[in-house]
Amino acid sequence: MAVRTPDPYPGWLSPEDLYEARNRLPMLYVEAVPVRLDPLGYVNEVGLLLQADDEGNMMRTLVSGRVLYKETIRAALLRHLEKDLGPLALPQLPVSPVPFTVVEYFPSPSQTGFTDERQHAVALAYVIPVAGECQPRQDALELTWMSPSDVLSGPVQAEFMGGRGELVRQALAFAGVAG
């Protein structure tokens, strides 16, 4: 039996290994639409991250990230929420890890309408109430809280890439917001 030094970063792949994995199999992600609720539990604000793509174009996006090897869905959600919104965001994770939808991204346009040029990815999508103070971190330049009607407007929908505007529409419909 071989004895090995434990991996100091279990669940992480080197950039080269990640590239190879993305070219061979679907990657599992979680995506979260952060929302603020009124006292009756209705969505009154949606949090959207603003990021720059590789060409410097500004785009709106959501909290998103891979699920690591041996990581639970709930742990992945919490890790990405804290990573993108800050440690004081106070997200209220769902009682059940059942997503409101499953999104399948492809590297080129497909029948799903969702694209990710890097890979074939499957994302479990959640609407997550957030009660605390949010400070965008990592790649996000800012976090903007908008009313559902503003988020569903044409100009804001045009700022999403890869079909995420449609994902936000689905999230708000799931939360009972008419669009």
Side-chain angles (χ1 to χ4, degrees), residues 6-15 17-18 21-22 25-52 59-105 114 116 118-146 148 151 160-177:
D7 183 353
Y9 305 104
W12 290 103
L13 297 172
S14 70
D17 290 342
L18 180 59
R22 283 178 165 158
L25 46 102
M27 303 299 288
L28 179 62
Y29 279 72
V30 291
E31 289 196 294
V33 179
V35 297
R36 295 218 189 261
L37 305 177
D38 70 11
L40 294 176
Y42 294 108
V43 173
N44 61 12
E45 290 183 309
V46 179
L48 302 178
L49 297 168
L50 183 66
Q51 292 181 329
M59 63 182 180
R60 296 282 176 192
T61 192
L62 305 170
V63 172
S64 178
R66 284 185 291 127
V67 177
L68 301 178
Y69 180 68
K70 294 186 178 182
E71 183 178 43
T72 66
I73 299 298
R74 294 172 66 78
L77 269 171
L78 185 60
R79 179 171 57 85
H80 289 294
L81 286 159
E82 287 182 349
K83 174 184 66 87
D84 288 346
L85 303 181
L88 301 176
L90 303 176
Q92 299 167 1
L93 294 182
V95 173
S96 168
V98 176
F100 75 85
T101 194
V102 176
V103 184
E104 195 167 19
Y105 292 93
F114 295 97
D116 182 336
R118 303 167 301 164
Q119 64 196 337
H120 175 190
V122 176
L124 308 175
Y126 299 86
V127 175
I128 304 290
V130 175
E133 292 298 318
C134 298
Q135 294 295 321
R137 298 169 40 172
Q138 299 297 88
D139 298 335
L141 301 173
E142 73 177 34
L143 171 68
T144 306
W145 291 99
M146 297 182 185
V151 170
F160 287 102
M161 300 298 285
R164 284 188 175 84
E166 176 58 27
L167 182 59
V168 171
R169 283 185 181 284
Q170 291 177 20
L172 290 173
F174 173 79
V177 176

In terms of heavy-atom contacts, Pro136 and Ala140 come closest through CB-CB, 3.9 Å
Closest heavy-atom pair, Gln92 versus Ile128, reported as atoms and distance to 0.1 Å, is O-CG2, 3.9 Å
Among Asn44, Leu172, Val168, Val35, whose side chain to side chain contact (heavy atoms under 4.5 Å, CB included) with Pro148 holds? Leu172
Does any part of the side chain of Arg164, heavy atoms only, come nearer than 4.5 Å to the side chain of Met59, both counted from C-beta? no
Of Val46, Val33, Leu49, Asp84, the one forming a side chain to side chain contact (heavy atoms under 4.5 Å, CB included) with Leu62 is Val33
Please answer whether the main-chain N or O of Arg66 pairs with a side-chain N or O of His80 as donor and acceptor at a distance below 3.5 Å. yes
Does the pair Val43 and Leu37 meet the rule for a side-chain contact (heavy atoms from CB on, under 4.5 Å), with working shown? CA-CA 5 Å; Val43 173; Leu37 305 177; 3.8 Å; yes
Search all heavy atoms of Tyr105 against all heavy atoms of Ala123 and return the closest pair with its distance. CE1-CB, 4.0 Å
Just wondering, are more than 12 heavy atoms of other shown residues or ligands nearer than 6.0 Å to CE in Met27? yes
Applying side-chain contact (heavy atoms from CB on, under 4.5 Å), run through Leu28 and Leu124 and close with a yes or a no. CA-CA 8 Å; Leu28 179 62; Leu124 308 175; 4.2 Å; yes
Compare every heavy atom of Val151 with every heavy atom of Met146, then report the nearest pair and how far apart it is. CB-CG2, 3.6 Å
Going through the checks in order, is the side-chain contact (heavy atoms from CB on, under 4.5 Å) test met by Arg60 and Leu50? CA-CA 5 Å; Arg60 296 282 176 192; Leu50 183 66; 3.8 Å; yes
Check: Leu81 and Arg79 side chains under 4.5 Å, non-hydrogen atoms: no
Glu133, CD atom: more than 12 neighbouring heavy atoms under 6.0 Å: no
Drop me the distance from Glu142's CD to Cys134's SG, to the nearest 0.5 angstrom. 13.0 Å
Closest approach of Val67 to Ala76 (non-hydrogen atoms, all atoms of both residues): CG2-CB, 3.9 Å
Validation row: Glu166, Phe114 side chains within 4.5 angstrom (heavy atoms): yes
Decide yes or no for Phe174 and Thr101: does some side-chain heavy atom of the first lie under 4.5 Å from some side-chain heavy atom of the second? no
Is the closest side-chain heavy-atom distance between Leu85 and Pro34 below 4.5 Å? yes
To check you understand the geometry: which heavy-atom pair defines the closest contact between Arg74 and Leu93, and what is its length? O-CD1, 3.8 Å
Is there side-chain contact between Val103 and Tyr29, with heavy atoms separated by less than 4.5 Å? no
How far apart are the C-alpha atoms of Tyr126 and Ile73, what are their side-chain angles, what is the distance that settles it, and do they pass the side-chain contact (heavy atoms from CB on, under 4.5 Å) test? CA-CA 11 Å; Tyr126 299 86; Ile73 299 298; 3.2 Å; yes
